[in-house]
2 protein chains.
Amino acid sequence: MDAQLKRGVLDVCVLAAIKNEDSYGYKIIKDLSPIVELSESTLYTILKRLETASMLVVRSTEFEGRLRKYYHITPRGLQRILDFKNEWKEIMDIYSFIGKED
Amino acid sequence: MDAQLKRGVLDVCVLAAIKNEDSYGYKIIKDLSPIVELSESTLYTILKRLETASMLVVRSTEFEGRLRKYYHITPRGLQRILDFKNEWKEIMDIYSFIGKED
DNA sequence: TATTGATACCTCGGATTACGATGTATAGCG
DNA sequence: CGCTATACATCGTAATCCGAGGTATCAATA
């Protein structure tokens, strides 16, 4: 999928991936891979961004000798998902415009 | 609408705006404004980009003393629209993922 | 034992691109 | 004469996706 098309949806995808259950970087990529491919460098950039924006909080733990950071969504993060869904109507209008008269 | 969300769709919107009839910069903005807002600086950047990519060709004319450049879509531009429509399925999958379990 | 692959984190630089600010120029209206 | 609409263009800034590279642990394989 085109990189430009991903912008604006990747943030929300990551939030959706942790919405129902706390998750960590590596697992988020695996969970999202059937829907959207994203590189590790992209994901960790996004996670940092979302943390700065208070849309999620981080909890570091140790798991079998390895560091693991769990990400938990905040009310602000949940609101971001709702906002996106409201914007969806506009996206659909764009699609209708592009597809009309064929 | 969020600027990031526009990336990847604006190009196709502009192509769709000239698909059925040749048009020029100022008119394209007016035609698109109900669906997507875009500034002049953005549009002319896009038009240049699409021209470089051979998705449209330009024809300069004089209209009532003012310069007017008409843009005409090419087969490659039409193909770009088709490619976008094929990518749409992936966008819908993303939306389903974000919206599931509410 | 050594090597590979999976897991798990991170940083840096390059490329793309939307947009505000700014500039140029003509036509028409009050 | 000033203002608005029309019509084009450039420049710099900010955002952000990704490849390339780095560190480290553990399990399986050769």
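Below, chains carry the letters A, B, ... as their sequence lines are ordered, and counting in each starts from 1.
Put simply, Tyr24(A) has no side-chain N or O that comes within less than 4.0 Å of OP1 or OP2 on dC9(C). When the side-chain nitrogen and oxygen atoms of Lys6(A) are compared with OP1 and OP2 of dC18(D), one or more of them lie within a distance under 4.0 Å. Residue Tyr26(B) places no side-chain N or O under 4.0 Å from the OP1 or OP2 atom of dA5(D). Residue Thr45(B) places no side-chain N or O under 4.0 Å from the OP1 or OP2 atom of dT17(C).
The interatomic distance linking Asp2(B) (CG) with dT17(C) (P) rounds to 16 Å, in whole Å. Here dT7(C) presents its P atom at 12 Å from CG of Asp31(A), a figure rounded to the nearest Å. A straight line from CD1 of Ile29(B) to P of dA5(D) spans 14 Å, rounded to a whole angstrom. Rounding to whole angstrom units, CG of residue Leu67(B) and C1' of dG23(C) are separated by 16 Å. Going from atom CG of Leu32(B) over to atom P of dA18(C) covers 13 Å, rounded to whole Å. Rounded to a whole Å, the CG atom of Leu38(A) is 13 Å from the P atom of dC9(C). Taking atom CD on Glu64(A) and atom C1' on dA8(C), their separation rounds to 12 Å, with Å as the unit. The nearest whole Å value for the distance from the OH atom in Tyr71(A) to the P atom in dC9(C) is 6 Å.
Salt-bridge annotation for Lys89(B) and Asp93(B): present, with a side-chain N of the basic residue lying under 4.0 Å from a carboxylate O of the acidic one. The existence of a salt bridge linking Arg49(A) and Asp11(A) is confirmed by a sub-4.0 Å separation between a basic side-chain nitrogen and an acidic carboxylate oxygen.
Listed candidates were dC10(C), dC17(D), dC8(D). Nearest to the side chain of Lys69(A) is dC10(C). Out of dA7(D), dC10(C), dC19(C), the shortest distance to the side chain of Tyr44(A) is found at dC10(C). With dT16(C), dT10(D), dA8(C) as the candidates, the nucleotide lying closest to the side chain of Arg66(A) is dA8(C). Nearest to the side-chain atoms of Gln4(B) among the listed nucleotides dA8(C), dT16(D), dT6(D) stands dT16(D). Distances were taken from every side-chain heavy atom of Arg68(A) (C-beta onward) to each of dC19(C), dT7(C), dA7(D); the shortest belongs to dT7(C). You'll find that the side chain of Lys48(A) is closest to dT11(C), out of dT11(C), dC19(C), dC17(D). With dT7(C), dC9(C), dA18(C) as the candidates, the nucleotide lying closest to the side chain of Asp11(B) is dA18(C). Looking at the side chain of Ser41(A), the nearest of the listed nucleotides dA20(D), dA8(C), dC17(D) is dA20(D).
Within 4.0 Å (heavy atoms only), Lys27(A) reaches no atom of the nucleic acid at all.
For dG19(D), the base has no donor-acceptor partner in the side chain of Ser39(A) [N/O atoms by modelled type, under 3.5 angstrom]. Between the base of dC8(D) and the side chain of Glu40(B) there is a donor-acceptor pair shorter than 3.5 Å. Remark: the Arg7(A) side chain and the dT17(C) base include no donor-acceptor N/O pair separated by less than 3.5 Å.
Between Gly8(A) and Lys30(B), the one whose closest nucleotide on DNA chain D sits nearer the 5' end is Lys30(B). Nucleotides of DNA chain C nearest to Ile46(B) and Phe63(A) differ in position, and the one nearer the 5' end is that of Phe63(A).
Partner of His72(A) under the side-chain contact (heavy atoms from CB on, under 4.5 Å) criterion, chosen from Val58(A), Leu56(A), Ile18(A), Asp22(A): Asp22(A).
In Gln79(A), the CD atom is crowded: over 12 heavy atoms of neighbouring residues, nucleotides or ligands sit closer than 6.0 Å.
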Could you walk me through whether Thr42(B) and Ser39(B) satisfy the side chain to side chain donor-acceptor pair (under 3.5 Å) test, starting with their C-alpha distance in whole Å, then the side-chain angles of each, then the deciding distance to 0.1 Å, before giving a yes or no? CA-CA 5 Å; Thr42(B) 303; Ser39(B) 65; 2.9 Å; yes
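Counting only heavy atoms from C-beta outward, the side chains of Tyr95(B) and Phe84(A) approach each other to under 4.5 Å.
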